[in-house]
Amino acid sequence: MSIKVVTIVGARPQFIKAAAVSRAIKNAGVERIREVLVHTGQHYDENMSKVFFDELDIPTPAYNLEISGGTHGVMTGRMLESIEKVLLEEKPDWVLIYGDTNSTLAGALAASKLNIPVAHVEAGLRSFNMCMPEEINRILSDRVSSLLLCPTQAAIDNLAKEGLVSGVHNVGDVMYDVALFYSERAKVQSRIKEQLGLEDNVYALATCHRAENTDDPKRLGEIMAGLAEISQELPVVLPLHPRTRKLLEDHGLSRHLNSLTVVEPLAFLDMIALEQSARVILTDSGGVQKEAFFYGVPCITMRDETEWLETVELGWNTLVGASHQKIIDAFREMRTVRKDILEKPYGDGQASQQVLSRLLQA
Ligand code: UDP
């Protein structure tokens, strides 16, 4: 008998993770499992949404809720109301959620209130910083999930400390599946390096979008000054998140962009093509930290903590907070490219298959 899964996505990293699992679900066949995709609309920008569906072959969403903007309360509340309607209509066996955004939490709440079991991909991650909206979303989503599909042993340990042991599985990281699946395709198809006039190993790639950095003018100023200083020695490519662009203007910090190669948010294949050939990656993104690791590129993380401890413990990632000086110090130490990662803390590239198996077995 076929089971029905409603998958909730809304933001860029969720499209990427869902791409891998949706492919596994499709390959399993509709006689075993059917997926109904719901896009909340959280990221609606063409460059942060539509291109991902086209490029990653994600099924067209059956529902597009078109909910974006507003405060966290407004956005999450509106999503909760709309997702509940979808779930009442679809009556799925499972609701599948990803990561740590407002779409994740809204999906978890809507489903659990209707007693529909929730499967959370990327369960158990913690920054232990309750000021982060993502941390609140993760903790609450995990608490109401029946299947906690963890990417790492550290995530399993975090859940155990919170008393969550039932339905907990280390399935590996679906982002690793994605990084492997698309790496060659990106090298062949992407023209972004030619378009930007970049040579392998002779540029840095940077991203900055996390609220703790963008909403605080001091932190954002330190980060931008650090990137601007690096750009005196090495071109720095910055695909600029629309939130960050707006806040740079609001905080009067746009001048720091002058020496950088600023581009619109990139399509995924262009992004990973740039990652693979960068000399160093500077970021506050969770996904980009790991992609740097998967591709053997040194990473400087502009945050005070990380959920991806393995990348730091194995010597590939340096946490620098939002300090101009620490960014520069880390840059000086990490300029040698190392491509010889032997350790595999994120599984074997079969995480999406594991997610599928757990859904079918549960
Ligand atoms: N990404 C992308 N284009 C960009 C910036 C990021 O395709 O211009 C991809 C990146 O390769 C990674 C994912 O988006 O797979 C990370 O998403 P984001 O940084 O928005 O969220 P986080 O991982 O921090 O939750």
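Every heavy atom of this structure was used, including side-chain atoms; hydrogens, water molecules and symmetry mates were not. Whatever order the structure lists them in is the order used to number ligands and atoms, beginning at 1.
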* Asked: For Arg210, is the nearest heavy atom under 4.0 Å from an atom of ligand 1?
  ->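 Contact check Arg210 vs ligand 1: positive.
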* **SB check Glu81 Arg78 (cutoff 4.0 Å)** =>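 No, this pair does not count.
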* Between Asp200 and Lys193, is there a salt bridge with N-O shorter than 4.0 Å? -> yes
Can you sort out which atoms of ligand 1 are near [X], meaning under 4.0 Å from one of its heavy atoms?
X: Met175; result: 15 (O)
X: Gly287; result: 22 (P), 23 (O)
X: Pro239; result: 8 (O)
X: Glu275; result: 11 (O)
X: Phe52; result: 2 (C), 7 (O)
X: Pro265; result: 8 (O)
X: Gly286; result: 22 (P), 23 (O), 24 (O)
X: Val288; result: 10 (C)

Please list the nearest protein heavy atom to [atom] with its residue and the distance rounded to 0.1 Å.
atom: atom 21 (O) of ligand 1; answer: Pro13 CG, 3.4 Å
atom: atom 16 (C) of ligand 1; answer: Ser285 OG, 3.7 Å
atom: atom 10 (C) of ligand 1; answer: Glu291 OE1, 3.3 Å
atom: atom 13 (C) of ligand 1; answer: Ile16 CD1, 3.6 Å
atom: atom 3 (N) of ligand 1; answer: Leu266 O, 2.8 Å
atom: atom 1 (N) of ligand 1; answer: Met271 CG, 3.6 Å

* Are Phe294 and Tyr346 close enough that their ring centres sit under 6.0 Å apart? ->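 Centroid separation for Phe294 and Tyr346: below 6.0 Å.
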* Quick one: which of Asp304, Thr214, Asp284 gives a side chain to side chain contact (heavy atoms under 4.5 Å, CB included) with Arg219? -> Asp304
* Only one of Lys246, His209, Glu264, Arg210 passes side chain to side chain contact (heavy atoms under 4.5 Å, CB included) with His241; say which it is. =>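 Only match with His241 under side chain to side chain contact (heavy atoms under 4.5 Å, CB included): His209.
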* **Candidate pair Leu274 and Tyr203, rule side chain to side chain contact (heavy atoms under 4.5 Å, CB included), full reasoning** => CA-CA 9 Å; Leu274 283 190; Tyr203 63 90; 3.8 Å; yes
* To do: Taking atom types as modelled, find out whether Glu90 and Tyr63 have a side-chain donor-acceptor pair closer than 3.5 angstrom.
  => yes
* Would you tell me whether Thr104 and Gln14 have side-chain atoms, one donor and one acceptor, within less than 3.5 Å of each other? =>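 Result is yes, a qualifying pair exists.
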* Asked: Does Leu257 reach the side chain of Leu240, with side-chain heavy atoms less than 4.5 Å apart?
  -> yes
* Asked: Which is closest to atom 17 (O) of ligand 1 in terms of heavy atoms, Lys290, Arg12, Glu134?
  ->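 Closest candidate by heavy-atom distance is Arg12.
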* Atom OH of Tyr98 and atom CD of Glu122: how far apart are they, to the nearest 0.5 Å? -> 10.5 Å
